[in-house]
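Report on one structure; see the data block that follows.
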There are 2 protein chains.
Amino acid sequence: MATIYEVSEAAGVSLATVSRVMNGNARVSERTRQKVLDAMDALGYRPNAIAQSLASNRTNSIGLLVSELHGSYFGELMSTIELILKKHGKHVIITAGHVEEHRETEAIDFLTSRRCDALILHAEAVSDDYLTKLGKSGVPVAVVNRKVEGMEDQCFVADNENGGYLATKAAIDNGHKKIGYISGPLFKQDATERLNGHVRALNDAGIDNEPTLLFEGDYHESSGQEGFGKLFSDNADLSVLVCANDEMASGAMTAAREAGLNIPDDLSVIGFDNVLFSRYLHPKLTTINNPVHSMGEMAAAWILENVYDIKSPEPIVHVFEPELVERDSLGPL
Amino acid sequence: MATIYEVSEAAGVSLATVSRVMNGNARVSERTRQKVLDAMDALGYRPNAIAQSLASNRTNSIGLLVSELHGSYFGELMSTIELILKKHGKHVIITAGHVEEHRETEAIDFLTSRRCDALILHAEAVSDDYLTKLGKSGVPVAVVNRKVEGMEDQCFVADNENGGYLATKAAIDNGHKKIGYISGPLFKQDATERLNGHVRALNDAGIDNEPTLLFEGDYHESSGQEGFGKLFSDNADLSVLVCANDEMASGAMTAAREAGLNIPDDLSVIGFDNVLFSRYLHPKLTTINNPVHSMGEMAAAWILENVYDIKSPEPIVHVFEPELVERDSLGPL
DNA sequence: CTGTTAGCGCGTTCAA
DNA sequence: TTGAACGCGCTAACAG
C-alpha cells in the first residue's frame, strides 16, 4: 500500500501538497495538481482512512446498532439508513446487540472506540439512564423505536399506542365483541404501548377488558400458537384475535387451522408490523404497518443535519403514525 | 475522551505501561497494573481503536460485502459471520454492493481504506479478473457463493448444479414428465449451474429438454408469475414447475392459483433456497436448501485460521451440498 | 518490570 | 501556491 509520502516523492512535491489535492480545500496550481493525480494512480494509491481519521478527528462513519442482522424489520432499517447516508458519502458501521444488555453496551463501546461521528441506536436491553448518559458524553446519538425521557428530540418512534388502537378498532368496526389479544413481552416499551391502544379501543367501544382475553407472548411465532390455545380454550366464543406482531399472528393462524377453524370465517386474525412474509400467509394477513422506513430515514436525516450540516429538504419529525393494512384475515362477525 | 497519556499521568506511570496493561501481552506487576486500571475507570477511558489500528497495523475487523442489507438470504449470511467472528473478538464491517459494479468496487475500496484485516465478499457484479487482482493485492479475501478460477481455495460455494439436479429429480421421482423450469438470470453463475443440474436430471431420466419448457426469469417474484403464464400457455399438460428460487416459486403459485389451478393436485411447484417465508406459503413450499449458513461459517473459520492463526475444530470445506426440503407443494402425478 | 523514543499515515498550522 | 514541522493516540522496539 502506497503512502502519501511515496506519492509526494513520485510527484516531486511535498507531502502537504498531496494532502491538499486529496481534500481539495486549499488552492493548488493545475500543473502540480495533475502531477499529483498522475502519481497517485501510477502507484495505485488509496488513502488510509484510519490515518485520515486520526489526524482529522472525523471518520465519516455512523455507527448503527440493531438487535439482529437478520429479519425483515432490521433489514429494512439497515437498508434505509445505509442508502441515505451513503448518498452523502457517509458510511455505516453496523453492529448487533442481540437484546442483551452487555452485548449492547459492548457494541456501543465498539462503535465509540471506532470514533464514529454519530450513532443510531435500536437498543432494547440497555437502560434509559445509560442512553441519557451516552447522549451527554459527546457523541451525537439518534434513538430509533424507543422514547427516552429527556431526549425526545433525538428519538424516532412509531406511535405504537395508536397502532394498537387501530388494530382493535378495525376488529370492532367489523362487529366483533369477543376480542382476544396476544401481547408482546410487556417489559418492552412498544409491547405495552400497543396493549394500551388495544385497551383504549375497547373502552371507547364500551367493551369490557376481560383478563381471560389477554395473553402475554414474546413476539415469537410459537407464543402465537400458545396464545391461541390458551385464549380459545378459555373463550369458546372468541371471534377475533389481535396479535402484537405478525410472527405471533402467523403462529396463531397455524394453531387455529390445526384446531379446525377456518380463517376468517370462524376466527379473524390481525397482526402488527406488516413484515414481508405477512402477504405470503394464507389468508393474507390484515395487519398494522410499522413505519420502520420513516424512522430510519428521519434518524439519518437528523444526523446529516446535526452532525454534517447537510440540511434535509423535509422537516424533521419524531413520531410516525402506523396504518391499517387491510387484507384477508379479518372478516365481519 | 481521555487519552492514554492522561491515564498514565493519573496512574503515575509511563504511557508504555498503560499500553501494556491494556494489551496484556507483557508482564506488569500486579500493583501498577491495579493503579492503571483504577485510573482508567476513574477517567472513563476508552481506547481509541483508530489510533490503535494505525500504530499496530491491525484493525481486528473484517470487511463483509453483501448485495443487500435486507432479505433473509443476506440476513442469515451476515448473522452467521458476525456471530462467529465476534466470538473471537473480531468485528465485522458490513457494506452493500447492490449488484452494481461501481458500487461493489466502491464498497470494497471503503473496506480496504479502513484497512480491514480481511474481506469476505458476496460480490456479484464485479469481474473474476478484478477479484483475482484483489486477491493478490495483499488483503486476504474469502469469496462466498461464487467460484473464481485460480482462487478456489478462497471460495465457499454451494453445489448449485447438484441442487438443480435434486429439484428436478424430485419431480421425476414423483412421476412427472412435463417439467417446466423457470431459471434465474443466466448471466449469474448460480443460475446457470442450477439450470445445468436440471438438464442433467432430465437426461438421466431420458426426458427431452424442450425449449418451450424453459423460461428465464430474474429471481424476482413477478418473473415467477410471467414464467407460469408463458410456460402454461405453451404447455397445457404441464404438471410441475421447478423454479430456480423461492421468490419465483411464490409468484408462480400465485399465478397458478389465479388461473384456477390447485397446488399440488393440478400443478406441483418446487423452489430453491429455502428462505424463511417458504414455509409460510400455502401450501408450504417444497424446496432445495441453500447452505448459506455453512458457507458463511466456513468463510469466517477460514479467515480466523489464515489471518489470526485461530485454528478451527472442523476442517475447511469449500463446497456445500444442498438438500431437498420436502413439504407440501410437490405431489405425485 | 518499567520508561524513553521513534514511528504509523495523514491534516494542518505557520512561514516562505 | 508551496513546504517544513508538529501532533492525532497508540504500539513496539530498545534500554535500563
Side-chain angles (χ1 to χ4, degrees), chain A residues 1-37 39-40 43-61 109-117 138-139, chain B residues 1-37 39-40 43-61 89 109-117 138-139 308:
Chain A
M1 286 271 153
T3 73
I4 195 176
Y5 177 73
E6 304 178 50
V7 174
S8 76
E9 274 202 316
V13 299
S14 89
L15 182 155
T17 303
V18 178
S19 174
R20 289 190 185 102
V21 343
M22 282 183 54
N23 301 303
N25 37 20
R27 345 198 95 278
V28 179
S29 81
E30 194 48 38
R31 262 193 77 246
T32 59
R33 175 188 170 68
Q34 200 53 53
K35 276 196 301 187
V36 171
L37 255 27
M40 276 181 171
L43 291 170
Y45 172 71
R46 301 255 163 249
N48 183 329
I50 300 283
Q52 286 180 314
S53 299
L54 186 60
S56 68
N57 202 25
R58 256 284 151 98
T59 60
N60 283 316
S61 61
D109 278 354
F110 169 70
L111 295 174
T112 46
S113 78
R114 310 290 303 201
R115 295 300 188 269
C116 292
D117 295 336
V139 231
Chain B
M1 285 269 153
T3 72
I4 193 175
Y5 177 73
E6 304 178 52
V7 175
S8 76
E9 274 201 316
V13 299
S14 89
L15 181 157
T17 303
V18 178
S19 174
R20 290 192 184 99
V21 343
M22 282 182 54
N23 301 303
N25 37 22
R27 345 200 96 276
V28 179
S29 83
E30 194 49 36
R31 262 192 77 247
T32 59
R33 176 190 169 69
Q34 200 53 53
K35 275 194 302 186
V36 171
L37 257 26
M40 277 182 172
L43 291 170
Y45 172 71
R46 302 257 162 246
N48 183 330
I50 300 283
Q52 287 180 313
S53 299
L54 186 61
S56 67
N57 203 24
R58 257 283 153 98
T59 60
N60 283 315
S61 60
D109 278 355
F110 170 70
L111 295 174
T112 44
S113 78
R114 311 289 303 194
R115 294 302 186 268
C116 291
D117 295 337
V139 230
Y308 299 109

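What's counted below: heavy atoms across the whole structure, side chains too, no hydrogens, waters or symmetry copies. To find a chain, count down the sequence lines: A is the first, B the second, and so on, and within it residues start at 1.
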Closest-nucleotide 5' rank along DNA chain C - winner of B:L54 and A:Q52: B:L54
Residue met sooner reading DNA chain C from 5', once B:A51 and B:R27 are mapped to nucleotides: B:R27
Whole-Å distance separating the NZ atom of B:K35 from the C1' atom of C:dG3: 13 Å
C:dG3 phosphate, OP1 or OP2, under 4.0 Å from B:Y5 side-chain N/O: no
Sugar-phosphate only, base, or nothing, as touched by A:S53 at under 4.0 Å among non-hydrogen atoms: nothing
Atom CG of A:N23: over 12 foreign heavy atoms under 6.0 Å: yes
Least distance between heavy atoms, B:Y5 atom then B:S8 atom: O-OG, 2.6 Å
Minimum side-chain heavy-atom gap A:L37-A:V21 below 4.5 Å: yes
Spacing of SG belonging to A:C116 relative to CD1 belonging to B:I50, to within rounding of 0.5 Å: 8.0 Å
Under 4.0 angstrom between B:S56 side-chain N/O and C:dC8 OP1 or OP2: no
Side-chain N or O of A:N48 closer than 4.0 Å to phosphate OP1/OP2 of C:dC8: no
For DNA chain C, the residues among residues 12-21 of chain B that have a non-hydrogen atom under 4.0 Å from it: B:V13, B:S14, B:A16, B:T17, B:R20
Spacing of B:N23 atom CG relative to D:dG9 atom C1', expressed in whole Å: 13 Å
Contact under 4.0 Å: A:S29 side-chain N or O vs D:dT2 OP1/OP2: yes
Side-chain heavy-atom pair B:M1, A:R115 within 4.5 angstrom cut-off: yes
Touch class at under 4.0 angstrom, heavy-atom based, for B:N57 against every strand present: nothing
Stepwise side chain to side chain donor-acceptor pair (under 3.5 Å) check, B:N60 with B:Y308: CA-CA 9 Å; B:N60 283 315; B:Y308 299 109; 4.6 Å; no
